Structures are given as structure tokens and as C-alpha cells.
There are 2 protein chains.
Amino acid sequence: MTVRTRSASQGFGDVRGRLRSAGLRWTPQRRALIDVLKATNGHVTGAELVELCRGRDPETTPSTVYRTLEVLEEIGLIKHSHGRDGRQEFHIAPSSEHGHAICESCGEVRELSDADVDDLVASLGGAGFAVDLSHLAVGGLCHDCRAAEVAEA
Amino acid sequence: MTVRTRSASQGFGDVRGRLRSAGLRWTPQRRALIDVLKATNGHVTGAELVELCRGRDPETTPSTVYRTLEVLEEIGLIKHSHGRDGRQEFHIAPSSEHGHAICESCGEVRELSDADVDDLVASLGGAGFAVDLSHLAVGGLCHDCRAAEVAEA
DNA sequence: TTAAATGCAAAGGGTTTGCACCGGA
DNA sequence: TCCGGTGCAAACCCTTTGCATTTAA
């Protein structure tokens, strides 16, 4: 049940328009990256995106990908954070801010619901700390990996 | 839970003994790094540690620092995670596993109490996800930075 | 003595940048 | 036409590794 209704931010559908209205351009490379991002419906590292784009067009260069990611983040289409290994991780910007639970074994990412974090936010808020949900990362083991680990032992 | 009672910090005072009993050695370089780590009493990146060590001894080489950090982590003295910029961050291992709240403005780190995270852990636990408290990072704004930000606006 | 640790230098991985050329609008 | 984008190549930063040398125990 890893969040189905991921109808990301209202406008993942009209990227072209959003770019244009910002005086930016709609290019084949950008289209490719958008498609790839859509297909991932989750979290990917910059390097992975470069690879995925290369799958479509072997000519793809890292600089273009990273520069486009920058642009997409600027117009609020995607967000990025960092994985455990320190690499950048991008994901389609959600309609609402939310944290993530990342399995340290298989890397699976699940989004945290408001209910999951309500108390934490309240607790820290009481101490004067304003939580930024988009930068809340919880490490751990997902159900499957945990079972696998127990089995090994 | 796999939280072995590694009451780490208790022994930040007898690193030498801990190394020895593991068949490892006590060297000037290690001593320097330990001192530096003690002085930070917080979170530092690998690169920062290299710099700080160079402050004491300009001859310090990165490889030694990183290798020592590795060793220190192995004996449970320190832990590392990743900062927002993707760089490794080391900190003295706490006596008990706990998460961190990091101010995105000033970088200040505060530790989360059990009370802060109890509900989150329970909530995810119910979904089969075993939270690893040592990898729980919450971004946000600390009291002071938040006030400063409001003042600016 | 002898395995562990160091220093150096070089590689490595991910990401960024400068610059000339290309191409959407 | 014109400014934004692209591709290339090289640079960068942090981190890791191989290997000969040093050194703690």
C-alpha cells in the first residue's frame, strides 16, 4: 500500500505549459526526462535518471539531465533529498509535503501519512522546532526485509 | 529489535583501551581525531574532520582520517549519516539509539527523545516497518532561525 | 618481530561548469 | 532573430584504494 493516489502535484500533466509560462523551453531532452520521471513514480537518484534517459536515448549527457532537474525543481515539479549513501534522490513533488520511510535493506521508499507524523510534529513544535515534512526521513526495515533477516538468523 | 546494548558513549573516555582490546592500535593520528571529535560534540562531515585535524597537524591525510572513522564506527564509538548536501556526517555514538532534528538554516542538531518518536515508531510498526532510530532525520527550522526568518519577512 | 597504521598518489563516483554550437519560440 | 538549451570535456568535491613504508605492541 505504498500510496497509490500519487497524482502528484496538480500539474505534472502540463509541464510544457508551466515551462513556457516561465519563459523556458520544451525540448526533446526535457520531454524524455519527464517521461522517465513519470515512469518511476517514486524516488530516483540523479545517476539513475541519467541511466534511464540513456536507455531511451544513448546520447543523453549528464549535464543536461542535472540542469533540467534543477529547472524542474525550480518550477516546483520535483524535489530532491539525499539517500543513505549520500546521493541525490529526486521525486515528483507531492501535492502535500510528506516524509519518507526508507528500507535500509532493499531501498524501498514509502511515504508517511499525516497520522504517522502528527505526534512527532506536535512534539517538536512544542519545543519550538518547525518540522519540514519534506525532509523527514526514517530509516528501517520494511516488512519483507525484516522477515528475510529473521529467516537468515 | 536488533538494538544491541552498545552503550557506546560510556567509553568515549577509554578509546585506547577499546581499540587495544580489539587488537587495534593507539596512534597519534587517532588521538588527534578523537580529540577533534570530542571538541565538536555534535555532527561533522568527513571533510570537516579532515580540515579540523589539519588544524592540529597540517600533515594529516584524508585517507587516515576516513580509515580511522571507519574503525571508530566499527567499535561503536561513532555513527554516520548523511546531511542534506549529501556529505557524510559523523557524530559520537549516543548511549541509546535516537533520531535527530536538524535545523536547515543554522545546521543545529538536536536529539529526539523517545517521546518525540514513540507514536511514529508505533504507527509504522503497525504497518510492518521496523524503524531504525539511528537513521531518523527530521529537517526543519529551530526556534531561533524561525524567529529570524519571520523577522526578515 | 610483525601485523596494523600511515602517507602518498592516483582512481572513482556523482555532480557541476565553461564554452561554442544548436534550435525552440 | 535571440536567448535558452545542449553536448562535450574537463573540473570538482568528497571519499576510497593500492602499495611501499613506518611503527605500536
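Keep in mind it's a predicted model, so treat the numbers as computed, not measured. A, B, ... follow the sequence lines: proteins, then strands. Residue 1 opens every chain. What you see below is based on every heavy atom in this structure, not just the backbone, and it leaves out hydrogens, waters and symmetry mates.
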* To do: Remember a base hit wins even if backbone is also touched, and classify B/R20 as base, sugar-phosphate or nothing at under 4.0 Å, heavy atoms.
  => sugar-phosphate
Rounding to a whole Å, what distance do you find between [X]:[atom1] and [N]:[atom2]?
| X | N | atom1 | atom2 | answer |
| --- | --- | --- | --- | --- |
| A/F90 | C/dG14 | CZ | P | 13 Å |
| A/E59 | D/dA9 | CD | C1' | 15 Å |
| A/E51 | C/dG13 | CD | C1' | 12 Å |
| A/R25 | C/dG23 | CZ | C1' | 7 Å |
| B/L24 | C/dA5 | CG | C1' | 10 Å |
| B/L49 | D/dC13 | CG | C1' | 16 Å |
| A/H80 | C/dG14 | NE2 | C1' | 13 Å |
| A/L69 | C/dT17 | CG | C1' | 16 Å |

Heavy-atom distance under 4.5 Å between the side chains of [X] and [Y], does that happen here?
| X | Y | result |
| --- | --- | --- |
| A/T40 | A/L52 | yes |
| A/L141 | B/D132 | no |
| B/T68 | B/Q29 | no |
| B/V121 | B/L133 | yes |
| A/R56 | A/D35 | yes |

* Asked: Which residue lies toward the 5' end of DNA chain D, B/W26 or B/E70, if each is placed at its nearest nucleotide?
  -> B/E70
* Structure fact -> Heavy-atom nearest nucleotide on DNA chain C taken for B/D57 and for A/R16; more 5' hit belongs to B/D57
* **Residue whose nearest DNA chain C nucleotide is more 5′ - A/E48 or B/G23** => B/G23
Presence of [X] side-chain N/O under 4.0 Å of [N] phosphate oxygens OP1/OP2:
| X | N | result |
| --- | --- | --- |
| B/Q29 | C/dG7 | yes |
| A/S63 | C/dT17 | no |
| A/T64 | D/dG7 | yes |
| A/T45 | C/dG14 | no |

* **Residue A/R67, side-chain heavy atoms: nucleotide from C/dT6, D/dT16, D/dC8 that is nearest** => D/dC8
* Asked: Can you find a donor-acceptor N/O pair under 3.5 angstrom joining the side chain of A/R30 to the base of D/dG4?
  -> no
